[in-house]
Amino acid sequence: MPADARSVVTAYFDALAAHDLQAAGDCWAPDGVDELVGQATVQGPDGVREFFGGLFAAMPDFTMAVEDLIADGDRVAALWRASGTFAGESDYQGIRPTGGRVELRGLDLFTVRDGLIAANVAFPDGLGFARQIGMLPEPGTGAETAVLRAFNAKTRAARRLAGKPAEPVADGVWRVRGGVPRAMNVYLLEDDGGGVTVFDAGIKGMGPAIAAAATALGGINRVVLGHSHVDHRGAAPELRAPVFCHADDRAQAEGDGGLHYVDYDKLRAYARPFYRRILHVWDGGPVTVAGTIAEGDDVSGFRAVHIPGHSPGMIALYRERDGLMLASDLVYTLDVQTSRPSAPQLPLDAFNLDSELARASVRKVAEIGPSALWPGHAEPVTGDVAAQLAKI
């Protein structure tokens, strides 16, 4: 007759206290799963033996005692205390022994079936372990203050990179800015029925800011790439939403993001090393395209306009009722090599697939005559937009 759950768990802890790996493994079902939260997940008797064998090798004097044990049917909760000296000959979880003395408490939640442990979720004191072996400083010390200061500085830098909260652009349209400086624009477009479409996806790392802004507006329904260069698809993998683009951009969206036609030699000498490095940093990697957007298609109340040149399948979105144009990289309103604001200008030859085709796309948009043009970087073009585009 199978042993009751309390007896099985008691026998297991007795085996661990005696460093009897064979007996400890014998308490487990062949397909049992032991999840040590924050450390490892092991399966079956052999997985349990291997894990604790590594622990005992790193802390040869490891001891473990149960302080309280509560059983209810096939569920058992065990509160335990353990101690040992992290001074063995073997690493533990990739950490080299430091000689530190460790005193820990933890809680295990077991499920027992047919006299064997079928599952366990263990909550060891990982933070206490890290402090006691010297991996983290003790609370209230100068060392802890220094670590916290460095961590907070890193967090502030990451938040600056990720982007600011969404700011309104027009009725049903918001912008999320990211990057350093905040020159990357991602647009959120209100959808009928709730939620938003994300137009362009900025750089890798902007995902949390985009997702947070979109959550406040009902969540992300889809991502539409104005084009699929690495600084416009960068956060798309983080957003976990269907991705759409023009058919002519699909190959590079699912490939290298247009890097194969970047010509760094056309940049100023001081900008070349920066862009050789930063484009790869900005890129979140290839995306799987769920569908395509063609000239004239409706995108959240906007009409898609094919504007090739900078990228083979770049699209802008134009809204007839207020003349608003979201233009991706049709034009730059800054010098991307110095970050200084500028009048509208054609994107750099270094990044264009075909600069003359890009110029023709600028003329196409000028003929449409938008009342305001919001680009993929920096600030909008307002006033007599057509006249400003005609100068390019």
Side-chain angles (χ1 to χ4, degrees), residues 158-246 249 253 282 284 287 289-293 297-305 307 314-330 333 370-382:
R159 289 175 66 89
R160 287 196 296 270
L161 179 65
K164 296 175 68 174
E167 56 190 71
V169 167
D171 181 36
V173 181
W174 297 264
R175 173 173 66 161
V176 178
R177 291 188 291 165
V180 179
R182 297 188 191 282
M184 310 293 181
N185 293 334
V186 173
Y187 297 96
L188 308 180
L189 315 180
E190 185 177 28
D191 287 329
D192 290 340
V196 296
T197 288
V198 176
F199 182 61
D200 274 339
I203 60 174
K204 181 180 178 181
M206 286 183 68
I210 297 168
T215 297
L217 298 169
I220 299 173
N221 296 323
R222 60 178 171 172
V223 176
V224 172
L225 299 179
H227 68 293
S228 55
H229 285 178
V230 297
D231 55 332
H232 291 261
R233 76 173 185 184
E238 303 174 67
L239 300 178
R240 303 184 183 278
V243 177
F244 294 77
C245 67
H246 191 277
D249 248 39
W282 284 342
V287 297
V289 174
T292 57
I293 304 292
D297 283 355
D298 180 85
V299 178
S300 304
F302 287 76
R303 171 169 58 87
V305 181
I307 49 171
M314 190 160 73
I315 57 173
L317 300 181
Y318 178 64
R319 192 162 65 182
E320 303 281 352
R321 63 181 170 86
D322 58 2
L324 177 64
M325 176 79 76
L326 307 178
S328 200
D329 276 2
L330 176 76
T333 57
S371 62
L373 186 150
W374 287 74
H377 301 276
E379 296 309 312
V381 182
T382 57

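Heavy atoms only: backbone and side chains are in, while hydrogens, waters and symmetry mates are out. Numbers for residues simply follow the sequence, beginning at 1.
Among pairs with a residue in residues 205-227, none fulfils salt bridge (charged side-chain N to carboxylate O under 4.0 Å, His left out), at least two apart in sequence or across chains. Counting only residues at least two apart or on different chains, no ring pair (Phe, Tyr, Trp, His ring centres under 6.0 Å) pair has a member in residues 206-225. Applying the ring pair (Phe, Tyr, Trp, His ring centres under 6.0 Å) test to residues at least two apart or on different chains, the pairs with a partner in residues 207-230 are H227-H229, H227-H232, H227-H310, H229-Y261, H229-H310.
At a threshold of 4.5 Å between non-hydrogen side-chain atoms, the residues H377 and D231 count as touching. In this structure, the side chains of R303 and R319 stay at 4.5 Å or more apart for every pair of heavy atoms. When side chains are defined from C-beta on, I315 does not count as touching V299, because their heavy atoms never get closer than 4.5 Å. The shortest side-chain heavy-atom distance between V243 and L225 falls under the 4.5 Å cut-off. The shortest side-chain heavy-atom distance between F302 and L324 falls under the 4.5 Å cut-off. Contact of the Y187 side chain with the R175 side chain is registered, since non-hydrogen atoms from C-beta on lie closer than 4.5 Å.
No donor-acceptor pair closer than 3.5 Å links the side chain of Y318 to the backbone N or O of A327. Listed for the E238 side chain is a donor-acceptor partner under 3.5 Å among the backbone atoms of G205.
Applying the 6.0 Å contact sphere to CG of D298 captures more than 12 heavy atoms from other residues, nucleotides or ligands.
Partners of R321 according to the side-chain hydrogen bond (donor to acceptor under 3.5 Å, both in side chains) rule, which considers only residues two or more places apart in sequence or in another chain, are D171. With sequence neighbours left out, the side-chain contact (heavy atoms from CB on, under 4.5 Å) criterion links V196 to L188, A214, L217. Taking the side-chain contact (heavy atoms from CB on, under 4.5 Å) definition, one finds that A212 meets it with nothing, sequence neighbours left out. Looking at residues two or more places apart in sequence or on another chain, you find a side-chain hydrogen bond (donor to acceptor under 3.5 Å, both in side chains) between N221 and D191. Checked against side-chain contact (heavy atoms from CB on, under 4.5 Å), E190 has the following partners two or more places apart in sequence or in another chain: W174. Here T292 pairs with A247, R250 under the side-chain contact (heavy atoms from CB on, under 4.5 Å) rule; sequence neighbours left out.
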